[in-house]
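What follows is one structure encoded as structure tokens, with my remarks underneath.
Every chain is numbered from 1, with letters handed out A, B, ... down the list of sequences. Not measured: the values here are computed from a predicted model.
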Number of protein chains: 2
Amino acid sequence: MKKAGACDLKTCFLCQFCMPEWITAVSDNKQHLFYKKGETIFQEGVAVTGIFFLYEGKVKVHKQWGAEKDLIIRFAQKGDILGHRGLGSGQRLYTVSATALEDTTVCFMDIAFFEASLKVNSALTFKLMQFYADELQEAERKMRNLVHMDVKGRLADALLEISRMHNSKQFSISRQDLASFAGTTYETIYRIIQEFIQQKLIEAEGKSITILQEKKLQKYC
Amino acid sequence: MKKAGACDLKTCFLCQFCMPEWITAVSDNKQHLFYKKGETIFQEGVAVTGIFFLYEGKVKVHKQWGAEKDLIIRFAQKGDILGHRGLGSGQRLYTVSATALEDTTVCFMDIAFFEASLKVNSALTFKLMQFYADELQEAERKMRNLVHMDVKGRLADALLEISRMHNSKQFSISRQDLASFAGTTYETIYRIIQEFIQQKLIEAEGKSITILQEKKLQKYC
DNA sequence: GTTTTAATATGATTTAGATCATATTTTTGT
DNA sequence: ACAAAAATATGATCTAAATCATATTAAAAC
């Protein structure tokens, strides 16, 4: 990680939803940071220092299990918030890790200042609450999928979600990450990907995947 | 469901955290409702009408999958909020169902009035946001458990969580619900329960379960 | 109080998907 | 540019847990 330039004061969640008068204070308390591909932005279990807003790049938010196993909770991109779970009422430890999937620039803000911002900007707090409500719905939907769907369905769902997020039928992701995102192993993903290719539902070349038949993929969900 | 008496204006989340001046308005906008054991309080997929505060009884919050399968997201008891996921920014449909596990009294509040309460009481919104943050952490922890833990571990975790919630080593729950809570089938739960009994980790008589050796159960988690 | 219906008990069978093993290719660090 | 480390490819094997089947018991409903 290294320090990077100043913030444009209009991209992130905070700048968008706080009162205009507050922006000056914001400007004094945020800091751009740059992370190389593969670098850890924050680590599960470590004391919360602040909240991050993603400016450039892609990040995975994941929970580790031992040394080998991993579950990707979500992917984040420009405009997304990272580290917001740190605001809970319990002890202030990050409950997930965040790792840069490509070179990434984030805007970092001290947790105390962010909380002060919330106290002062009730519209901001309300927006953040809505954001949490949405994330909670999604997390619970995923829980159900993990229990009741087979891996093929979860992979189909994962591919469609990643495509929606990238706003494109074509995107890049490693099978390893796909496995961690669908809650399964590399080998199983490898096999099902082969099957989807055979059925001409998707096309793959290296890490690049293209969705050919969205409708048919949807049927597996 | 039938209507029940008035609210004591001090038990629920809303009454506890809103401004005292607001209580009068609250009083005019809430309504006690009574549900018999087994009754549905609200149903996944149906338009959100309001938010519920649990006054008496136990409720399961669950997501259905087809007609047969079910996943219990959480249990709720006195003081807990129900239907709060309805506040998300998307379309206003309940994303989970709530069913009374015993005779239950709730306080119901129209969603529009509750949102007005949030707009006016920023401390309340902040508290609610924290509550969401905690729920999100818990949901994500459960997701990881579903992927990486075996059923024995998830059952141990479930038993300990239910015990913690009841604030007692002894509690009542059907194996069916235990299965839905741990994300598995009745038969599997039945077998592991037998095993735990053999190992003298728990004791069971009908639906009543008593935890004998918390520490050893913990080891499975 | 008897009929339905739902929950429990328990063995037998099946299977999806994890794990293991090993070779090859790609990426990354130095 | 080269060594080391990750990621990929693919078959073989194993196993935890789902499904099926059927009997019994308990709880609700009429």
*Where each pair must be Watson-Crick or G-U wobble with both distances under 3.5 Å, what dot-bracket representation of DNA chain C is obtained, with crossing pairs in [ ] and other-strand partners as |?*
.|||||||||||||||||||||||||||.|
*Salt-bridge contact A:Arg74-A:Glu138 (side-chain N to carboxylate O under 4.0 Å)*: no
*asked:* Taking any atom closer than 4.0 angstrom to a non-hydrogen atom of chain B, what span of DNA chain C does the protein reach, first nucleotide to last?
replied: C:dA7 to C:dA12
*When you look at NZ of A:Lys63, are more than 12 heavy atoms from neighbouring residues, nucleotides or ligands closer to it than 6.0 Å?*
yes
*Can you tell me how far CG of A:Leu217 sits from OG of A:Ser163, rounded to the nearest 0.5 angstrom?*
9.5 Å
*What residues form a side-chain contact (heavy atoms from CB on, under 4.5 Å) with A:Asp177, not counting sequence neighbours?*
A:Lys60, A:Ile72, A:Leu101, A:Ile173, A:Ser174
*Can you label the angle between the A:Tyr94 ring and the A:Phe52 ring as parallel, tilted or perpendicular, going by 30° and 60°?*
tilted
_Set out, in order, the CA-CA distance, both residues' side-chain angles and the distance that settles side-chain contact (heavy atoms from CB on, under 4.5 Å) for B:Trp65 and A:Met149, then state yes or no._
CA-CA 9 Å; B:Trp65 180 256; A:Met149 263 186 185; 3.8 Å; yes
*Heavy-atom protein contacts under 4.0 Å, nucleotides 14-20 of chain D, coded B base, S sugar-phosphate only, - none*: ---SSBB
*Does B:Gln43 have any side-chain contact (heavy atoms from CB on, under 4.5 Å) partners at least two apart in sequence or in another chain, and if so, which?*
B:Thr40, B:Val46, B:Gln64, B:Ser97
*Send over the distance from A:Gln194 CD to D:dT8 P, rounded to a whole Å.*
12 Å
*Would you check if the distance from the ring center of B:His84 to the ring center of B:Phe131 is below 6.0 Å?*
yes
*Looking at residues at least two apart in the chain, or sitting in another chain, which of them share a side-chain contact (heavy atoms from CB on, under 4.5 Å) with B:Arg191?*
B:Glu187
_Spacing of A:Lys37 atom NZ relative to D:dA5 atom C1', expressed in whole Å_ = 14 Å
*Would you mind checking if A:Lys207 and A:Glu102 are paired as a salt bridge, meaning a charged N to carboxylate O distance below 4.0 Å?*
no
*Between B:Lys207 and D:dA26, does any side-chain N or O lie under 4.0 Å from OP1 or OP2?*
no
